[in-house]
Protein chains: 2
Amino acid sequence: MATSEQQQTASRPGGRSARVLAAVEQAATELICERGPEQISIPAVAARAGVNPTSIYRRWGDVHQLLTWVAESRLTSDSLPPDTGSLRGDLRRWAQLLLEHISTPEGSASLRTVVNAVGDGEVRDRCLRRRVDQIDLIRARARARGEKPPATGKVMDQVVAPLHFRVLFGIEPTDAACARALVDGLLAAAPAVDSGQGE
Amino acid sequence: MATSEQQQTASRPGGRSARVLAAVEQAATELICERGPEQISIPAVAARAGVNPTSIYRRWGDVHQLLTWVAESRLTSDSLPPDTGSLRGDLRRWAQLLLEHISTPEGSASLRTVVNAVGDGEVRDRCLRRRVDQIDLIRARARARGEKPPATGKVMDQVVAPLHFRVLFGIEPTDAACARALVDGLLAAAPAVDSGQGE
DNA sequence: ACCTTAAAGCCAATATCTTTGCTCTTTGCT
DNA sequence: AGCAAAGAGCAAAGATATTGGCTTTAAGGT
């Protein structure tokens, strides 16, 4: 669940601190899912986590930064796309896993939060990079097999974007079939493009 | 700018009330752009609008509902897509206008706000419907000319979704060329599909 | 012009969040 | 084991946000 190692240089990451970190992350996640991001306060998170509010204020600053931190740690914690033996299979499986990951209550709440981290373009960039890296891995594997994968930008536009759009706007359905259809549409449209990169 | 007529049945929408409504909308918009949605409070909006905080509390309830109301009125206030004489031209022009509309500071802030209106699926639906209606208008015009427009769902997935995704995640560029490229990609992929509806 | 009353304004009371200075605990090191 | 210091807990002060009772304004109808 990606518990720590990103907030600060962690000059003392042991026992108690780690416990606080974990308790806060879980409490915040629960409250986000129960009440939505708008209805959360630091005192509330602290109470649920069994931690002193002051500790949260000192470590994270304000609710917004806390939520952003939780959201990012969630969005960048999914696993690598499995190798299924073909480009199409890889993309289908990956798209399906991605959709599952972002359409859970925690996932969609995280998405909303990250999108709202206005001033903080870096957070959004790190979340995007995760997707780009996954796509590039799949593309590299495809090329190694002799297949011609579509440009990364195309995958972002035609698969990642629609999936995120659906989740963010609550458009049904968001199931495996829909992920699969998007991938098939992409491969049908640009069957053999090998331009080096997208974006 | 869609000032009123949606908040309540408005048993007394005249003079002073209308003035308050407009002042609050403008003040909220300004503050959102200056500080971001997270840093806004009702007292702050009231001060900027030259209105008593109590009036805002009584009319809108809380900051979240106020922001959602402002965002929705913005997102549903763009003009109808102009008729350029061809499907491709209509889609290009419309996509470009849409992108301009949502990539302004006010537009992207509204998008973030609406997306964050978690409990309120209705708000998101009304904003989506706006897009669907625009697409359907373009499709109807195309059919009247004898052209075969792509399904609404395809347009949503391949044009609306990528545009919103780019704006929400701050992916550059978000210019006319990019809107145009998405439309051309869509028309190249599904040149002559006339399935009744998408979605 | 005059009434009625929805809605705005005012102000005080209350609740809630945030900060600050301090002490206490316990980690990581020697 | 014992030490220095990072970081957690505590409590009181300070700042902000929210609510409620009441007065005042002015819109919409007669």
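Just so it is clear, the model here is predicted, and its values are computed rather than measured. So you know, we letter chains A, B, ... as the sequences are listed, proteins then strands, and number each from 1.
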Checklist entry - Taking atom C1' of D:dT18 as reference, at what distance in whole Å does atom CD of A:Glu38 sit? => result 17 Å
Next on the checklist: Applying the Watson-Crick and G-U wobble criteria at under 3.5 Å, what pairs with D:dT24? Answer none if nothing qualifies.
Outcome noted: C:dA7
Next on the checklist: Is A:Thr54 close enough to C:dT20 that one of its side-chain N or O atoms is under 4.0 Å from OP1 or OP2 there?
Outcome noted: no
Checklist entry - On a plain distance test, is the side chain of A:Arg16 in donor-acceptor contact with the base of C:dT27 below 3.5 Å? => result no
Checklist entry - Would you say a side-chain N or O of A:Ser55 is under 4.0 Å from OP1 or OP2 of D:dG9? => result yes
Item to check | Selected nucleotide, minimal atom distance to B:Val51 side chain, candidates C:dG9, D:dA8, D:dC10 | outcome: C:dG9
Checklist entry - When the nearest nucleotide of DNA chain D is assigned to B:Gly15 and to B:Asp62 on a heavy-atom basis, which residue is associated with the more 5' position? => result B:Asp62
Item to check | Watson-Crick or G-U wobble partner of C:dT30, both distances under 3.5 Å | outcome: D:dA1
Next on the checklist: Which is more 5' along DNA chain D, the nucleotide nearest B:Arg19 or the one nearest B:Gly61? Just name the residue.
Outcome noted: B:Gly61
Checklist entry - Under 4.5 Å between side-chain heavy atoms, hopping through other hydrophobics if needed: is there a path connecting B:Val132 to B:Leu182? => result yes
Next on the checklist: Check A:Asp157 with A:Lys154, please: is the shortest side-chain N to carboxylate O separation under 4.0 Å?
Outcome noted: no
Checklist entry - Once you round it to whole Å, what is the distance between P of D:dA8 and CD1 of A:Ile42? => result 14 Å
Checklist entry - Does the pair A:Arg131 and A:Asp78 meet the rule for a salt bridge (charged side-chain N to carboxylate O under 4.0 Å, His left out), with working shown? => result CA-CA 10 Å; A:Arg131 304 299 155 236; A:Asp78 58 342; 2.9 Å; yes
Checklist outcome for this item: Separation of D:dA17 atom C1' from B:Leu31 atom CG, nearest Å, is 16 Å
Item to check | Separation of atom CZ in A:Arg58 from atom P in D:dC10, rounded to whole Å | outcome: 13 Å
Next on the checklist: Without decimals, in angstroms, what is the distance between B:Arg59 CZ and C:dA6 P?
Outcome noted: 14 Å
Checklist entry - Hey, does A:Ser41 reach any base, or is it just sugar-phosphate, or nothing, if we go heavy atoms under 4.0 Å? => result sugar-phosphate
Checklist outcome for this item: Atom CG of B:Asn52 and atom C1' of D:dT18 are separated, to the nearest Å, by 12 Å
Checklist entry - Whole Å only: how far is the CD1 atom of B:Ile40 from the P atom of C:dC17? => result 20 Å
Next on the checklist: Are more than 12 heavy atoms, taken from residues, nucleotides or ligands other than B:Arg145, located less than 6.0 Å from that residue's CZ atom?
Outcome noted: yes
Checklist entry - Expressed in angstrom and rounded to an integer, what is the separation of B:Tyr57 atom OH from D:dT18 atom C1'? => result 5 Å
Checklist entry - Between A:Phe169 and B:His164, how do the two ring planes meet: parallel, tilted or perpendicular, split at 30° and 60°? => result perpendicular
